[in-house]
Amino acid sequence: MRLLSHNLLMCNVKGCSENNYPLRILVQKSKIIEAELNPDFLRKLVTKLDWKGLHTTLISLDFHKFPEQLAEDDWKNEEFLKELHNVLMQTHIIEGKLVCPNCQREYPIVNGIPNMILKDSELK
Amino acid sequence: MFSRKINKRTLESFLQPLDPFEDPKVHLEQYQTPPDIAAELFFLVSMQLGPEEFEGQRVADFGCGTGIFSLASAALGAEAVHAFDVDTDCLAIAARNVEESGMTAVELIQTDLLVWTPPPSEKPFDTVVMNPPFGAQETETNNGIDAKFIEKAVESCSGNVYVLLNGKSRVVSFICHCKKC
């Protein structure tokens with residue numbers, strides 16, 4: 001699971017509707033798998049992301065170099081592109097947990113796949 | 001990733017060796033989409049609507065099963081493919097298929113799509129593809145499940161949603177309604 005996918009996930013436990021996104025990440029095992037950097041595609045992809053959620057997550061993982069709001073100049077900065085590509089597209093979380101900041105419900109990440117399946121008691 | 005000039009035969013022969021369901025679960029309506037049909041569908045879309053339906057796009061596969069649609073999307077140049085399914089067993093097969101094909105664009109998420117909601121700001125996907133459960137079982141949870149999958153796709157997709165549908169499904173009228181809005 002890369003941060004790219006993590007950006008899609010929130011807590012859907014019944015009654016948990018505030019402060020349920022983004023989920024906190026506890027990383028137990030991660031690895032870098034190289035992927036081709038295509039600056040145009042990367043830029044386009046970022047327009048589909050919840051950047052605020054991603055930024056919050058990056059800060060929590062100790063990546064402090066990313067701006068809270070993206071500017072045109074950022075896209076001309078090669079260093080920025082490489083670092084964004086690395087953290088968004090190449091960093092895979094293999095084992096760990098996603099934790100809801102509101103209700104503290106833990107979602108396991110096993111073999112790189114986050115498991116968001118809720119129990120019946122957690123649904124309507 | 002293949003060159004832009006990928007043809008249907010190349011796509012089909014890429015999909016052919018992928019592992020199918022080992023023990024398909026009837027209650028989840030797990031049916032293997034044959035590689036030649038998958039290749040046909042994706043190739044058709046690519047030819048008629050242009051390669052930009054997939055190339056460089058963020059794609060979602062709702063109910064990915066063993067990952068055929070996801071891998072076809074990746075083969076056509078998708079920048080990222082998010083493959084969703086509820087079943088641990090088929091996700092394990094999909095994971096194997098993704099690893100063996102070397103398509104790093106594909107990522108797997110285990111969730112119930114009836115429960116999953118997209119993040120607050122943007123509609124995350126450029127394109128959604130699916131071969132959803134048809135709701136053929138007509139149980140309480142299952143009834144109209146294909147319509148619910150499509151609703152979820154429309155809610156989370158800024159572009160086109162491609163659905164492989166059962167001809168007898170009542171959902172055909174739902175799609176016509178969607179196009180108007």
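So you know, we letter chains A, B, ... as the sequences are listed, proteins then strands, and number each from 1. Just so it is clear, the model here is predicted, and its values are computed rather than measured.
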### Task
Count the heavy-atom pairs under 4.5 Å between each of A/Ile113, A/Leu45, A/Leu9 and chain B, then report the option with the highest count.
A/Ile113
### Query
Do other residues, nucleotides or ligands put more than 12 heavy atoms under 6.0 Å from B/Lys25 NZ?
yes
### Task
State, with a plain yes or no, whether a side-chain heavy atom of B/Val115 is found less than 4.5 Å away from one of A/Glu122.
no
### Query
Would you say A/Leu8 and B/Phe125 make side-chain contact, with heavy atoms under 4.5 Å?
yes
### B/Ala105 versus chain A, the contacting section by heavy-atom distance below 4.5 Å
backbone
### Heavy-atom check, side chain of B/Thr104 versus side chain of A/Glu36, under 4.5 Å
no
### Task
Using a cut-off of under 4.5 Å on heavy-atom pairs, state which of B/His82, B/Gln110, B/Arg58 scores highest against chain A.
B/Gln110
### Query
Does A/Arg24 have any salt bridge (Lys or Arg N to Asp or Glu O under 4.0 Å) partners at least two apart in sequence or in another chain, and if so, which?
none
### Query
Could you give the distance from CG (A/Asn115) to OG1 (B/Thr88), rounded to the nearest 0.5 Å?
6.0 Å
### Cluster overlap B/Phe43 with B/Phe54, hydrophobic side-chain contacts below 4.5 Å
no
### Query
Within residues 49-65 of chain A, which positions have a heavy-atom distance to chain B below 4.5 Å?
A/Leu49, A/Asp50
### Query
So how far is it from A/Tyr107 OH to B/Thr111 OG1, rounded to the nearest 0.5 Å?
8.5 Å
### Task
Decide side chain to side chain contact (heavy atoms under 4.5 Å, CB included) for B/Glu122 and A/Thr47; before the verdict, give the C-alpha distance in whole Å, the side-chain angles of both, and the deciding distance to 0.1 Å.
CA-CA 8 Å; B/Glu122 309 297 326; A/Thr47 64; over 6 Å; no
### Query
Which residues from residues 12-21 of chain A are near chain B, with near meaning under 4.5 Å between non-hydrogen atoms?
A/Asn12, A/Tyr21
### Query
Do B/Val59 and B/Met47 belong together in a cluster built from hydrophobic side chains that touch within less than 4.5 Å?
no
### Query
About how many Å separate CD of B/Glu79 and CG of A/Leu42, when rounded to the nearest 0.5 Å?
7.0 Å
### Query
Can you tell me how far the CD1 atom of A/Ile33 sits from the CD atom of B/Glu99, to the nearest 0.5 Å?
7.5 Å
### Query
Taking atom CZ of B/Arg9 as the centre, does the number of heavy atoms from other residues, nucleotides or ligands within less than 6.0 Å exceed 12?
no
### Query
Does A/Arg2 offer a backbone N or O that forms a donor-acceptor pair with the side chain of B/Glu107 under 3.5 Å?
yes
### Task
Residue by residue, scan residues 79-106 of chain A and write down, ordered by number, those that have a heavy-atom distance under 4.5 Å to chain B; if none do, write 'none'.
A/Met89, A/His92
### Query
Going from CE on A/Met116 to CG on B/Leu113, what distance comes out if it is rounded to the nearest 0.5 angstrom?
12.0 Å
### Task
Please check if A/Val110 and B/Leu108 belong to a single hydrophobic cluster, counting links between Ile, Leu, Val, Met, Phe, Trp and Tyr side chain heavy atoms closer than 4.5 Å.
no
### Cluster check B/Leu18, B/Ile93: I/L/V/M/F/W/Y, side chain < 4.5 angstrom
no
### Summary
Closest non-hydrogen atoms of B/Ile109 and A/Ser5, given as atom of the first, atom of the second and distance, are CD1-CB, 4.2 Å
### Message
Heavy-atom cut-off 4.5 Å, strictly under: side chain, backbone, both or neither for B/Pro118 against chain A?
### Response
backbone
### Task
State yes or no: do B/Leu114 and B/Val161 share one hydrophobic cluster built from I, L, V, M, F, W and Y residues joined by side-chain heavy-atom distances below 4.5 Å, directly or via other members?
yes
### Query
Looking only at heavy atoms, which two atoms of A/Met10 and B/Pro119 are closest? And how far apart?
CE-CA, 3.8 Å
### Task
Return yes when atom CD of B/Glu155 has more than 12 non-hydrogen atoms of other residues, nucleotides or ligands closer than 6.0 Å, and no otherwise.
yes
### Message
side chain to side chain contact (heavy atoms under 4.5 Å, CB included) for B/Gln57 and A/Lys44? Distances and angles first, verdict last.
### Response
CA-CA 8 Å; B/Gln57 305 287 54; A/Lys44 186 179 181 310; 2.6 Å; yes
### Summary
When the 4.5 angstrom heavy-atom criterion is applied to A/Ile109 and chain B, the contacting part is neither
